[in-house]
Amino acid sequence: MSAAIGVLLLSSPALAQVGCLSQAETVDAVRDGRVLAYDEAVPRRLRNAGEFLGVRLCADNGILVYVVSTLTDSGRVTHTAVDAKSGRIVGKR
């Protein structure tokens, strides 16, 4: 994946700066069939990988990815990018 994914995954404030969709735009993308709904795209093991902090739908070179932020049991925040059409994990930080 491109370097933008690395930027996407550095911190939550950076997400809004690199092309994340608003909540309304995310709803439209799901409704229009451009992406899977979050619960269909994001693997169950990732949804249960720690305390859920949030998710954003972001664009990376024309590819939409869900960026999922979780807090692990050890207190570490992780950001995982999941292809919003296939559900394939494409990056983690």
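Atoms considered below: every heavy atom in the structure, side chains included; atoms not considered: hydrogens, waters and symmetry mates. Position 1 is the first residue of the sequence; numbering continues from there.
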What are the two closest non-hydrogen atoms of Cys58 and Val67, and how far apart are they? SG-CG2, 4.1 Å
For Asp32, salt bridge (charged side-chain N to carboxylate O under 4.0 Å, His left out) partners two or more places apart: Arg34
Taking the side chain as every heavy atom from C-beta outward, state whether Phe52 and Val68 have any atom pair closer than 4.5 Å. yes
Heavy atoms, side chains only, cut-off 4.5 Å: are Ile63 and Val90 in contact? no
Looking at Ala84 and Ala41, what are the two nearest heavy atoms and their distance? O-CB, 4.1 Å
For the residue pair Tyr38 and Thr26, establish whether any side-chain heavy-atom pair is separated by less than 4.5 Å. no
What closest approach, in Å, do Lys85 and Leu36 show between heavy atoms, and which atom pair accounts for it? O-CD1, 3.3 Å
Sorted by chain and residue number, the side-chain hydrogen bond (donor to acceptor under 3.5 Å, both in side chains) partners of Arg76 (sequence neighbours excluded) come out as none
So how far is it from Leu57 CG to Cys20 SG, rounded to the nearest 0.5 Å? 8.0 Å
Who are the side-chain hydrogen bond (donor to acceptor under 3.5 Å, both in side chains) partners of Glu51, not counting sequence neighbours? none
Over all heavy atoms of both residues, which pair between Leu21 and Leu64 is shortest? Give the atoms and the distance, please. CD1-CD2, 3.8 Å
My understanding is that only one of Thr70, Val55, Ile89 makes a side chain to side chain contact (heavy atoms under 4.5 Å, CB included) with Thr80; could you say which? Ile89
